[in-house]
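The structure appears right after this line, and notes come after that.
A quick note: this is a predicted structure, and the numbers were derived from the prediction, not measured. Values below: all heavy atoms of this structure, side chains included; hydrogens, waters and symmetry mates excluded.
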Amino acid sequence: MKLTFPLLDASEVRDARALLHAAPWADGRTSAGVQAAQVKNNRQLPSDCEAARILQALVLQALHRSPRFLSAALPRKVFPPHFNSYTGTANSFGIHVDNAVRYTPAGVQVRTDLSCTVFLSEPDDYQGGELVVHDEQGGQRVKLPAGHALLYPGASVHEVLPVTRGERLAAFFWVESLVRGNDERSLLLALDTALVSLRGRDGESAEAVALTGVYHNLLRLWATT
């Protein structure tokens, strides 16, 4: 399952970019695993700086008010967002796979069922820099408007192509879902989406109530709390 959705509004994007342009940057390899560090060439905001704390709260608040994210991810834990910059000679992240388990600064384990990137630069602000998620159909290039997010399976092989002009700013983080399996999450999302459409057309019908019961029984069967 790969899902794009709007997350931050224009005002929030402007605030985020203002903080990022004034913030200190560090070598992005500090947060990478052994394999990823060999192909990672970008800058990253130190997670303990004031700008990072403000921006983390901004993104997490937006996630909590996003019905699409909540329905698709069914989040159990969310890793505090990181923020990166691709520009100049620090401009790419080669093919890699994210670590299966990440540890927050407080030592909390987060299984990376899902990865998420929130684009903070407009597509015209930079050249290149597409996020490429590889699967059995090949590589899908993604370059979204500022404030939009891509949610995709954490097990995916992926890369960020070199930025050859301008600067690409983004937030990224991982989600441990209540439902571990990607296929099960996809079925629940499809059912929930159909239920929203059904209610919008017919109101709280007997069929909607029955299908809501099916949804929650499946969630009860598959969820780990």
Side-chain angles (χ1 to χ4, degrees), residues 1-23 25-26 28 31-32 36 39-47 51-73 75 78-88 90-96 98 112 114-135 139-154 156-175:
M1 176 188 67
K2 292 190 284 288
L3 181 75
T4 62
F5 57 98
L7 182 66
L8 302 176
D9 63 28
S11 175
E12 290 169 326
V13 170
R14 285 194 300 270
D15 290 345
R17 292 179 62 161
L19 282 167
L20 289 172
H21 284 141
W25 290 98
S31 68
V39 295
K40 188 175 186 180
N41 180 29
N42 65 7
R43 298 185 302 164
Q44 191 164 301
L45 199 63
S47 59
R53 288 191 286 269
I54 294 171
L55 290 168
Q56 285 170 354
L58 181 94
V59 173
L60 291 173
Q61 287 169 7
L63 292 174
H64 287 308
R65 68 169 188 255
S66 170
R68 196 64 171 159
F69 169 76
L70 296 172
S71 178
V78 177
F79 192 91
H82 286 322
F83 302 86
N84 57 24
S85 163
Y86 293 80
T87 189
N91 64 4
S92 65
F93 197 165
I95 293 176
H96 66 285
D98 293 334
T112 58
L114 293 158
S115 299
C116 190
T117 294
V118 184
F119 290 76
L120 298 174
S121 298
E122 295 292 354
D124 291 342
D125 290 344
Y126 60 100
Q127 188 169 5
E130 292 88 351
L131 172 60
V132 185
V133 181
H134 296 273
D135 56 26
Q140 178 186 358
R141 297 189 179 200
V142 181
K143 191 173 186 178
L144 299 178
H148 285 62
L150 172 70
L151 187 69
Y152 60 98
S156 303
V157 176
H158 57 286
E159 61 183 309
V160 177
L161 299 181
V163 171
T164 58
R165 175 187 60 80
E167 183 178 21
R168 175 194 189 271
L169 296 170
F172 65 99
F173 57 92
W174 298 274
V175 180

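Closest approach of N41 and Y86 over heavy atoms only: O-CD2, 4.4 Å. The two residues P67 and R65 make their nearest non-hydrogen contact at CD-O, 3.2 Å. For L144 against L150, the heavy-atom pair with the smallest separation is CD1-N, 4.0 Å. Pairing each heavy atom of V39 with each of H96, the nearest pair is CG2-CB, 4.2 Å.
Checked by atom type and distance alone, the side chain of T87 pairs as donor or acceptor with a backbone atom of G166 at under 3.5 Å. Under a 3.5 Å cut-off, the side chain of K143 and the backbone N or O of G128 do form a donor-acceptor pair. Between the side chain of R168 and the main chain of G129, a donor-acceptor pair closer than 3.5 Å is present. At least one donor-acceptor pair closer than 3.5 Å links the side chain of Q56 to the backbone N or O of P81. The closest donor-acceptor contact from the side chain of E12 to the backbone of D9 lies under 3.5 Å.
D98 and S115 share a side-chain donor-acceptor pair at under 3.5 Å. Side-chain contact check for H158 and H134: no donor-acceptor pair (N or O, by modelled atom type) lies under 3.5 Å. No hydrogens or angles considered: nothing links the side chains of S121 and E167 as a donor-acceptor pair under 3.5 Å.
Using a 4.5 Å heavy-atom cutoff, the side chains of L45 and L55 are in contact.
Using the six-membered ring where Trp is involved, F79 and W174 have ring planes that are perpendicular, over 60° apart on the 30 and 60° scheme.
Of the listed residues (L131, V142, L3), just one forms a side chain to side chain contact (heavy atoms under 4.5 Å, CB included) with Y152, and that residue is L131.
Ionic pairing of E122 and R17 is not present here: no N-O contact between side-chain nitrogen and carboxylate oxygen is shorter than 4.0 angstrom.
Expressed to the nearest 0.5 Å, how far OG of S66 lies from CZ of F5 amounts to 5.0 Å.
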